[in-house]
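These notes concern the structure reproduced below.
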Amino acid sequence: MTETTDSRTRVERYDPTVVEPRWQARWAELGMHDTDLHDTSRPKYYLLTMYPYPSGDLHIGHWYIVTPSDALARFRRMHGFNVFFPIGFDAFGLPAENAAIKSGGHPFTWTMANIENMRRQFRTMGATFSWQHEVVTADPSYYRWNQWLFLRFMEMGLAYRQRSAVDWCPNDGTLAREQVVGPDRRCWRCGELVEKRDLDQWYLKTTAYADELLSFEGIDWPEPIKVQQTNWIGRSEGAEIGFETAPSDHHPGGETIRVFTTRPDTLFGATFMVLAPEHQLVDVLTAPDRRAEVDAYVDQARRRTEIDRLSTEREKTGVAIGADAINPVNGERIPVFVADYVLAGYGTGAIMAVPAHDERDFAFATQFGLPIRRVVAAPGTGADDDMTDAYVAHTEGERLVNSGRFDGMPADEGGRAIVEWLAGQGKAEPKVTYRLRDWLISRQRYWGTPIPVIYCERDGIVPVPYEDLPVRLPETVDYRGRGDNPLQGDDAFLTVACPICGEPARRETDTMDTFVDSSWYWYRYLSPDFDDGPVDRAMTDVWTPVDQYTGGAEHAVMHLLYSRFWTKAMRDAGLIGEDEPFKRLFNQGQILGADGERMSKSRGNVEDPDQLVRRYGADTVRLFLMFMGPWDQGGPWSPTGIGGIHRFLNRVWALALDPHGREHGDADAGRLPTGESQADAAATIRAAAHRTLRDVTEDYEGFRFNTMIAKLMELSNTMYRYRGTPLAGDTEWDEAIRLLLLMLAPAAPHITEELWSRRAETAGQPWTSIHGESWPEVDTAAIAVSVREVPVQVNGKLRDKITVPADATDDQLNAAALASPKVAAILAGRSPERVVVAGGGKLINVVIRDA
RNA sequence: GCCGAAGUGGCGGAACGGCAUACGCGGCGGUCUCAAACACCGCUCCACGCAAGUGGUUGAGGGUUCGAAUCCCUCCUUCGGCACCA
């Protein structure tokens, strides 16, 4: 006994610090992950994970995002796919610029140093990235094609210039939303009050694809994401209606205020109008005696955030501008207000207010003592009953009232009739609007793709000729301690000869939103060095769309919608053949800091995995992150429990290398469970292994990594019970070990590779990588059972469990349940009202009336 | 505020109308050890009970159903997004 008791001294211990670097080096040496994109002998599988922003260090969140994707890549390879799993860096953006302003360095230097560091850190994960296809968006070889595509979109009429407001600091220029701080909205750097400034900016016409973007046909995306995108696009059918302004002392009238409404049936109930503070007619229509108050209100409104303005909770504010409009259906003069709950960017920036049938209008009318006139009445409601709330519901049988000759018509039909009638007079037309706005891509910043446009006094807006691309960012940069765009002061960049007339002209200094970079990067991965265009059609035709995209749910609308837009625009430019970029999407959750907040350097809650990797190894960290919970959930970071994963791997190590070992502390060590023959035990092991294989396969496919690992733990626990028994090491045991290693290989690639190679060595076979093995097949015969246990409930409460033949009929189950002594005792001679044999015999419920 | 998601033991979580709490952490007890650590074995939702057992429990309240953590309604809390963070 003594020589078998302490196995730990006999068998080499699991030491990831030795095992992991060895295999990482070996894999790199063999080029195991260099995908041959021209290999057509196997089906292709394009697995894409959202590329990271090079913030400096890989934190635990990057591991959380990447390692399950890597497990999936390995899982698919074992299924015979030629897997392309690329990586790159989303290298433009605000943080690099902030760092440069702070340190006086160059955003390029900071970014590239970070990328180099992150590349190194990525390799410690054991991730199987195709590094030779890497893309760095801040490299001219990438952003040149942003410019090229922009010019193409310009030609297609998808890019245009329009004046719009930005948050502006007199010292630091345009501010991002996160740079505006505090309730009184001040600049984060200098503390100055933030203003609005109107600038001419570049837009992409996303709304041109609004209807197509509403269709998710042919793609398998999570329902909540589709719902969010649908709501974001926000298609509304209705009508645009013209209200003429009435003549007054200060104004001759006759201007048309165009409004959009989804409820033309309520037109007779319009008792006032509201213009957005930014509306062009505010200035024109305001009466002289109202001027001061209106100007003050407009100023104040422009300083508010949109979220604030749209809040239905905040008390409604607004100012009458001292002008009236004429309701086209009844000729009534109704007052015009300016109020911040109407937004310039939606519809026409003006509304007809129907307080009786719109909650916000109701609140406003109540606040300002304006008339509320019911024009839609539910059955049983009088036309002039007092209203305590807006009536917005749609019910059967509601009729128009107080609506002239439309009285008595059903609301829907009445609405159509009113629009038709006004349309005949040229005062209305049916119209569809979207909440979706065109994409403002102009950024008044240095660290982004320069927009390739030149302004010439004679020729106007002139696109940079394709052959002059890329328009490069100047290599020196001078922020002069301020946060505004240094390109503005760079004469060498600014001054350029007009491509048409050759006269001195001025370059655009705005750069592109970084969402432009991320809207098509996966196409470039396929041919990062391709010189004849942004994408190599020969590659995209084979490899795209992406089979599986994984990334954070925080990108549900913006990035994922822009990418769909960009794909459709590239398709219409003849560059690619498909309609959608990502066939299947999975949104994983976000790892938060220990404080429950988003991880960021400024909060100081960034978790560094390096220490954990040094202590436990990459495999343990990978498994721990997958085991924490469902991948789509995320949550606050805590390393509590990582020891359990490490113990699990140690047990796998012991099972594989030391099947005959026994541990102190187990009185039954080395003995089969009482009453179990060796043949029984062998069958148990086989059944457990194959049942686990069946479940684990499904879990990988459904991204349920946490339960996948739990099931592998169960299998290893079962096997541990048989360790040291005569069973250990025989055929069934060996098969179970083999399956355990294969199932674990995608998730814990290093330890399984090590154990696999040692098995081969012991068996005297040549080395082959476990990651080149095929995924094993389930032997359903091994799982088959002859008897099973069925829970028996009485009135929904568990009272007994009975053992029945696996193929028992419902009648047999019924009889067996009633034969149970415990059930009989509760029945006490009464007969049950009914007996439910549920779920194909999974459970029996005996129902008694007054139990 | 609006849109989307989530609330289950001391903690992370499992259970896709059918045995609530799998798996792991932590805790308690034990084996080994001079001792500790490691490793291993057992117990561990709450209440009452020596026990067999009985009752309760999935954020709160209501509903549908033979049966609800799961479906429906109302509410509360937390997280993501709201167009210049990426």
Side-chain angles (χ1 to χ4, degrees), chain A residues 5-8 50 52-53 55 90 92-95 98 166-167 174-180 222-225 227-232 234 305-314 345 435-445 513-515 518 552-559 561-562 587 589-590 592 596 598 600 624 627-630 632-636 638 640-645 647-648 650-651 654 662-669 704 706-707 709-714 717 720 789-793 795-798 801 833-836 838-839 842-847:
Chain A
T5 44
D6 196 354
S7 62
R8 297 185 300 277
M50 288 180 188
Y53 180 78
S55 51
D90 188 12
F92 274 136
L94 200 52
N98 292 339
V166 296
D167 285 323
T174 305
L175 299 180
R177 205 173 73 168
E178 65 167 15
Q179 296 177 319
V180 178
E223 206 54 43
I225 304 294
V227 170
Q228 278 184 84
Q229 291 207 351
T230 301
N231 292 341
W232 182 263
T305 66
E306 208 166 287
I307 291 171
D308 189 24
R309 284 173 59 170
L310 283 174
S311 170
T312 50
E313 201 145 84
R314 193 167 60 93
R435 207 185 72 93
L436 179 72
R437 307 202 282 255
D438 282 337
W439 177 10
L440 171 64
I441 61 160
S442 277
R443 297 290 181 270
Q444 291 77 48
R445 306 195 185 284
D513 182 3
T514 55
F515 275 125
S518 56
E554 69 273 21
H555 292 297
V557 275
M558 305 188 64
H559 162 60
L561 197 63
Y562 292 145
N587 283 120
Q590 217 172 7
L592 307 171
R598 244 185 70 175
S600 74
F624 179 61
F627 184 65
M628 272 175 46
D632 56 3
Q633 203 168 285
S638 161
T640 307
I642 193 168
I645 294 288
R647 269 194 284 281
F648 164 61
N650 272 306
R651 287 155 73 92
R662 295 174 196 174
E663 311 287 339
H664 276 295
D666 184 0
D668 295 325
R704 293 182 295 271
N706 56 329
T707 54
I709 291 164
K711 282 159 195 163
L712 291 178
M713 286 174 167
E714 280 185 77
N717 289 345
Y720 226 76
E789 209 173 49
V790 180
V792 181
Q793 300 179 332
N795 285 349
K797 256 187 204 314
L798 181 69
K801 289 180 185 186
E833 185 179 297
R834 61 188 280 210
V835 178
V836 181
K842 256 198 295 187
L843 173 142
I844 303 163
N845 189 14
V846 179
V847 184

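Proteins get letters first, then strands, A, B, ... in listed order; numbering begins at 1 in each.
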Take atom P in B/rG10 and the same atom in B/rA60, then report the distance between them in whole Å.
-> 14 Å
Just to confirm, is there a sub-4.0 Å distance from OP1 or OP2 of B/rC38 to any side-chain nitrogen or oxygen of A/R651?
-> no
On a whole-Å scale, what distance lies between the C1' atoms belonging to B/rU74 and B/rC11?
-> 31 Å
Name the closest nucleotide to the A/L798 side chain, picking from B/rA5, B/rA39, B/rC19.
-> B/rC19
Considering only the P atoms, how many Å lie between B/rC28 and B/rC45, rounded to the nearest integer?
-> 16 Å
Does B/rG26 pair with anything, Watson-Crick or G-U wobble, both distances under 3.5 Å, and if so, with which nucleotide?
-> B/rU44
Which atom of A/N587 lies closest to which atom of A/G552, heavy atoms considered = ND2-O, 3.3 Å
Is any side-chain N or O of A/N706 closer than 4.0 Å to OP1 or OP2 of B/rG24?
-> no
Base, sugar-phosphate, or nothing: which does A/V166 touch, judged by heavy atoms less than 4.0 Å apart?
-> base
Does the side chain of A/R647 get closer than 4.0 angstrom to OP1 or OP2 of B/rA39 through an N or O atom?
-> yes
Report the residue (A/G635 or A/L94) whose heavy-atom-nearest nucleotide on RNA chain B is the more 5′ of the two.
-> A/G635
Does a side-chain N or O from A/T174 land closer than 4.0 Å to OP1 or OP2 of B/rC84, or not?
-> no
Collect all protein-nucleotide pairs involving nucleotides 52-57 of chain B in which both atoms are nitrogen or oxygen and the distance is under 3.5 Å.
residue, atom, partner, partner atom, Å
B/rG55, OP2, A/R799, NH1, 3.3
B/rG56, OP2, A/K797, NZ, 2.9

Is A/Q444 touching bases, backbone alone, or none of the nucleic acid, heavy atoms closer than 4.0 Å?
-> base
Could you please name the partner base of B/rG61, counting Watson-Crick and G-U wobble pairs only when both distances are under 3.5 Å?
-> B/rC73
Heavy-atom donor-acceptor pair, A/R445 side-chain to B/rC84 base, under 3.5 Å = yes
Contact class for A/P52 vs. all strands (heavy atom < 4.0 Å): base, sugar-phosphate, or nothing?
-> nothing
Quick one: do A/E306 and A/R435 make a salt bridge, cutoff under 4.0 Å?
-> no
Paired with B/rC79 by Watson-Crick or G-U wobble geometry, both distances under 3.5 Å: which nucleotide is it?
-> B/rG4
Which whole number of Å gives the distance between the P atom of B/rG63 and that of B/rA68?
-> 12 Å
For the side chain of A/A176, counting heavy atoms from C-beta on, which of B/rA20, B/rA86, B/rC85 is nearest?
-> B/rC85
Remember a base hit wins even if backbone is also touched, and classify A/D167 as base, sugar-phosphate or nothing at under 4.0 Å, heavy atoms.
-> nothing
Nucleic acid footprint by protein, nucleotides 64-82 of chain B - heavy-atom cut-off 4.0 Å, B for base, S for sugar-phosphate alone | --BS------------BSB
So, do A/D513 and A/L440 sit near enough that their side-chain heavy atoms are less than 4.5 Å apart?
-> no
Spacing of the P atoms in B/rA51 and B/rU57 (rounded, Å) = 23 Å
Quantified in whole Å, what is the C1' atom distance between nucleotide B/rA14 and nucleotide B/rU64?
-> 26 Å
Please measure how far the C1' atom in B/rU31 lies from the corresponding atom in B/rG12, and state the result in whole Å.
-> 29 Å
With sugar-phosphate meaning primed atoms plus P, OP1 and OP2, does A/Y53 contact a base, only sugar-phosphate, or nothing at under 4.0 Å between heavy atoms?
-> sugar-phosphate
Answer with base, sugar-phosphate or nothing: what part of the nucleic acid does A/F648 contact at a heavy-atom distance below 4.0 Å?
-> nothing
Just checking A/S55: base, sugar-phosphate only, or nothing, at a heavy-atom cut-off of under 4.0 Å?
-> nothing
When all nucleic acid strands are considered with a 4.0 Å heavy-atom cut-off, which category describes A/G644: base, sugar-phosphate, or nothing?
-> sugar-phosphate
Rounded distance in Å between the C1' positions of B/rG13 and B/rU21 = 9 Å
Quick one: label A/I642 by what it contacts on the DNA or RNA (base, sugar-phosphate, nothing), any heavy atom closer than 4.0 Å.
-> nothing
Between the side chain of A/N845 and the main-chain N/O of A/G796, is any donor-acceptor distance below 3.5 Å?
-> yes
In Watson-Crick or G-U wobble terms, with both distances under 3.5 Å, the base opposite B/rA14 is none
Relative to the 5' end of RNA chain B, which residue comes earlier, A/V227 or A/P95, by the nucleotide with the nearest heavy atom?
-> A/V227
Which atom names give the shortest non-hydrogen contact between A/V557 and A/Q228, and what distance separates them?
-> CG1-O, 3.6 Å
